[in-house]
Amino acid sequence: MLTLKELKKVVKVADMKADTPSAKALKESGAEIVVKEVLETDASIAVYENGYVLYQEGTKTTVFPLHKCSGYEYENADGTRKRVKREFFDNENWYVLPLLVASDRMITNQIKIGDYHGIISYSVFVEDRKYLIDPRRNCLDDVIEKELIKELLQTLTERQKEIIYLYFWEQMNQMDIAKSLGISQQTVAGTIKRSIEIMKKHANQ
């Protein structure tokens with residue numbers, strides 16, 4: 001997994017004072033793509049060697065400097081605001097924070113042209129999170145919930161944390177976890193189920 005922190009070390013820092021190039025200009029600039037992720041929707045996100053991120057959904061695009069992506073601020077349902085610190089995103093998959101930034105920029109652009117149809121929905125983490133993640137949630141909800149899950153992990157035993165980490169973060173299947181730890185697949189499945197129940201109970205307190 002390439003992290004955001006690692007990616008920022010290998011691409012140039014874009015000139016923040018210069019005008020941001022259009023998607024067409026960026027594609028024709030000759031700069032090479034360092035990394036690219038194609039999403040399940042008709043969308044993709046790529047980072048160029050010159051430090052710019054290009055997000056494209058169908059015919060709509062947005063471009064912004066990678067190094068402008070640090071923390072992320074969002075508004076709760078009660079109107080209060082919360083900021084997710086840069087350190088949280090540094091060691092996540094490189095595209096998590098840029099996707100949030102791109103999503104916000106697309107929404108802003110759609111509002112400006114009177115074509116706002118709601119927050120773009122993505123599946124940026126493993127599908128096996130069905131116990132924890134409502135498929136109707138959007139990308140920001142996924143990131144926020146993943147941050148919460150990390151906090152809730154502290155309510156588990158060391159063995160429970162290890163199995164949950166391997167299953168959700170390392171994306172190992174239950175059989176591989178069982179072989180790795182020398183236990184049965186049934187034990188792994190039971191541990192995952194009990195651990196999720198414990199975390200849900202603490203999350204609702």
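Just so it is clear, the values below take in all heavy atoms, side chains as well, and ignore hydrogens, waters and symmetry mates.
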With clusters defined by side-chain heavy atoms of hydrophobic residues (ILVMFWY) lying less than 4.5 Å apart, directly or transitively, does Leu2 cluster with Phe89? yes
Side chain Thr191, main chain Thr187, donor-acceptor under 3.5 Å: yes
Test of understanding: clusters of I, L, V, M, F, W, Y form through side-chain heavy atoms closer than 4.5 Å, transitively. Do Leu97 and Val35 belong to the same one? yes
So which heavy atom on Thr20 is nearest to which on Pro65, and how close? OG1-CD, 4.5 Å
Is it the case that over 12 heavy atoms from other parts of the model lie below 6.0 angstrom from the NZ atom of Lys8? yes
Shortest non-hydrogen pair, Gln185 vs Ala178, comes out as N-CB, 3.7 Å
Hydrophobic cluster membership, Val47 vs Val13, 4.5 Å side-chain cutoff: no
Can you find a heavy atom in the side chain of Ile163 that is under 4.5 Å from one in the side chain of Ile192? yes
Can you tell if the side chain of Ser70 reaches within under 4.5 Å of the side chain of Arg83, non-hydrogen atoms only? yes
Correct closest heavy-atom pair for Thr61 and Ala23 would be OG1-CB, 3.4 Å
Please check: side-chain N/O of Asn173 versus main-chain N/O of Asp176, any donor-acceptor pairing under 3.5 Å? yes
Just jot down the side chain to side chain contact (heavy atoms under 4.5 Å, CB included) partners of Lys179, sequence neighbours excluded, or say none. Met175
At their closest point, which heavy atom of Tyr55 faces which heavy atom of Ala43, and how far apart are they? OH-CB, 3.5 Å
Between Arg105 and Val53, is the side-chain contact (heavy atoms from CB on, under 4.5 Å) condition met? List the steps. CA-CA 12 Å; Arg105 291 176 64 89; Val53 179; over 6 Å; no
Smallest heavy-atom separation, Phe64 atom then Cys69 atom, equals CE1-SG, 3.6 Å
Side-chain touch Leu100/Val84, heavy atoms, less than 4.5 angstrom: no
Would you compute the distance between atom CG of Leu166 and atom NZ of Lys161 and round it to the nearest 0.5 angstrom? 13.5 Å
Rounding to 0.5 Å, atoms CD (Glu57) and OG1 (Thr62) come to a distance of 11.5 Å
Ion pair present between Lys9 and Glu6, side-chain N to carboxylate O less than 4.0 angstrom? no
For Glu87, is the CD atom crowded, meaning more than 12 foreign heavy atoms sit under 6.0 Å from it? yes
With sequence neighbours excluded, residues passing side-chain hydrogen bond (donor to acceptor under 3.5 Å, both in side chains) with Glu28: Lys24
The test is side-chain contact (heavy atoms from CB on, under 4.5 Å); show your working for Ile198 and Gln160 and say whether it passes. CA-CA 10 Å; Ile198 291 169; Gln160 288 171 333; 3.8 Å; yes
Output, in order, the C-alpha distance, side-chain angles, deciding distance and verdict of side-chain contact (heavy atoms from CB on, under 4.5 Å) for Val11 and His67. CA-CA 9 Å; Val11 299; His67 290 80; 3.7 Å; yes
Is Glu49 reaching over with its side chain to a backbone N or O of Gly51, donor-acceptor style, under 3.5 angstrom? no
Does any N or O in the side chain of Ser29 come within less than 3.5 Å of the main-chain N or O of Leu26, such that one atom is a donor and the other an acceptor? yes
side-chain contact (heavy atoms from CB on, under 4.5 Å), that's the test. Do Leu4 and Leu66 meet it? Break it down for me. CA-CA 9 Å; Leu4 181 60; Leu66 175 68; 3.9 Å; yes
Looking only at atom types and distance, does a side-chain atom of Lys68 sit under 3.5 Å from a main-chain N or O of Ala14, one as donor and one as acceptor? no
To the nearest 0.5 Å, atom OG of Ser103 lies from atom OH of Tyr72 at 6.5 Å
What are the two closest non-hydrogen atoms of Tyr52 and Asp15, and how far apart are they? OH-O, 3.8 Å
With the 4.5 Å side-chain cut-off for hydrophobic clustering, are Val34 and Val63 part of the same group? no
Between Ile45 and Trp94, is there a side-chain heavy-atom distance shorter than 4.5 Å? yes
Please answer: with hydrophobic residues joined when any side-chain heavy atoms are less than 4.5 Å apart, are Leu7 and Tyr48 in the same cluster? no
